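Working notes, structure below.
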Protein chains: 2
Amino acid sequence: MHFHQLIKTLKERREALQVTQYDLAELAGVGLRTLKQVESGKGNPTVITLQKIADVLGMELCLKVKATKSDI
Amino acid sequence: MHFHQLIKTLKERREALQVTQYDLAELAGVGLRTLKQVESGKGNPTVITLQKIADVLGMELCLKVKATKSDI
DNA sequence: ACACAAGGTGCTTTTTAATGCACTTTATAC
DNA sequence: GTATAAAGTGCATTAAAAAGCACCTTGTGT
């Protein structure tokens, strides 16, 4: 999952849950400016920042072995 | 997947592939000091740093909906 | 005991993420 | 058109990640 896709997933999830950036930032304990920056694709957040956000959205970061061409 | 578990997974994967920290850092294009810090659990890497490392190890970051108690 | 390789750590500098504030943009509703 | 809400952006400050360097620790082999 590329960086841009991760961000898109978070943003779509927030919108699906109908939470505003303001509320999500409050709930996640990150600055509103930071969340805005992340969602607009301008940033390179730390893992902890990303996890705080994902957590509130009921999601989590994971690592998996990449699919190879032979898997397709 | 908690932060500590993410790191552990990366470290185990590196060891399974029998790659040294030095080589991994070179291949991933991150500083050796940074990789050491991450693997020893002292850091809070940026997503891009984590992805560079995971990529070389044939892994990728992903986001998934958290399991709930009712799933267990 | 010694040499070597790999991993971990303290110190430092440079870069950049995190943050707040104020402003703009955009869409929606009156 | 204008108020309101939500999202995006420029600027400045603070905190912390990224990085290199030198050194310590640990394990392995001779």
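Note that this is a predicted model, so its numbers are computed, not measured. Letters A, B, ... are given to chains in the order of the sequence lines, protein chains preceding strands, and every chain is numbered from 1.
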Report task. Go through the steps for A:Met59 and B:Lys64 under the test side-chain contact (heavy atoms from CB on, under 4.5 Å), then give the verdict. Result -> CA-CA 5 Å; A:Met59 306 191 80; B:Lys64 61 180 177 189; 5.5 Å; no
Requested in this report: Remember a base hit wins even if backbone is also touched, and classify A:Thr34 as base, sugar-phosphate or nothing at under 4.0 Å, heavy atoms.
Outcome: base
Report summary line: Whole-Å distance, B:Lys36 NZ to D:dG20 P, equals 12 Å
Query raised in the report: Separation of B:Leu32 atom CG from D:dC21 atom C1', in whole Å?
Result: 11 Å
Requested in this report: Output the distance between atom CG (B:Leu24) and atom NZ (B:Lys52), rounded to the nearest 0.5 Å.
Outcome: 12.0 Å
**Report entry** First of B:Arg33 and B:Lys42 reached from the 5' end of DNA chain D, by closest nucleotide
**Finding:** B:Lys42
Report task. In whole angstrom, give the distance that lies between atom CG of B:Leu35 and atom P of D:dA17. Result -> 15 Å
**Report entry** Separation of D:dA7 C1' from A:Glu15 CD (nearest whole Å)
**Finding:** 10 Å
Query - Qualifying residue for side-chain contact (heavy atoms from CB on, under 4.5 Å) with B:Leu32, from B:Gln37, B:Gln21, B:Glu26 - result: B:Gln21
Query raised in the report: How is A:Lys11 classified with respect to the nucleic acid when contacts are heavy atoms under 4.0 Å: base, sugar-phosphate, or nothing?
Result: sugar-phosphate
Report task. Please round to the nearest 0.5 Å and tell me the distance separating atom CG of A:Leu61 and atom CD1 of A:Ile48. Result -> 11.5 Å
Report task. Apply side-chain contact (heavy atoms from CB on, under 4.5 Å) to B:Leu35 and B:Ile53, showing your working. Result -> CA-CA 8 Å; B:Leu35 180 61; B:Ile53 295 169; 3.7 Å; yes
Report summary line: From CD of A:Gln37 across to P of D:dA15 the rounded distance in Å is 18 Å
Query raised in the report: Hey, where on DNA chain C does chain A first and last touch, going 5' to 3'? Cut-off is any atom under 4.0 Å from a heavy atom.
Result: C:dA17 to C:dC21
Query raised in the report: Given D:dA7, is OP1 or OP2 found less than 4.0 Å from the side-chain N or O atoms of A:Ser40?
Result: no
Query raised in the report: Closer to the 5' end of DNA chain C via nearest nucleotide, is it B:Val19 or B:Thr46?
Result: B:Val19
Query raised in the report: Between B:Asn44 and B:Gln21, who's closer to the 5' end of DNA chain C by nearest nucleotide?
Result: B:Gln21
Query raised in the report: Between B:Gln51 and B:Glu60, is any side-chain donor less than 3.5 angstrom from a side-chain acceptor?
Result: no
Query raised in the report: Can you name the nearest heavy-atom pair linking B:Ile7 to B:Val38, along with the distance?
Result: CG2-O, 3.3 Å
**Report entry** Nearest-angstrom distance from the residue atom CD1 of A:Ile7 to C1' of D:dG8
**Finding:** 15 Å
Query raised in the report: Could you state the CZ-P distance from A:Arg14 to D:dA6, rounded to the nearest angstrom?
Result: 10 Å
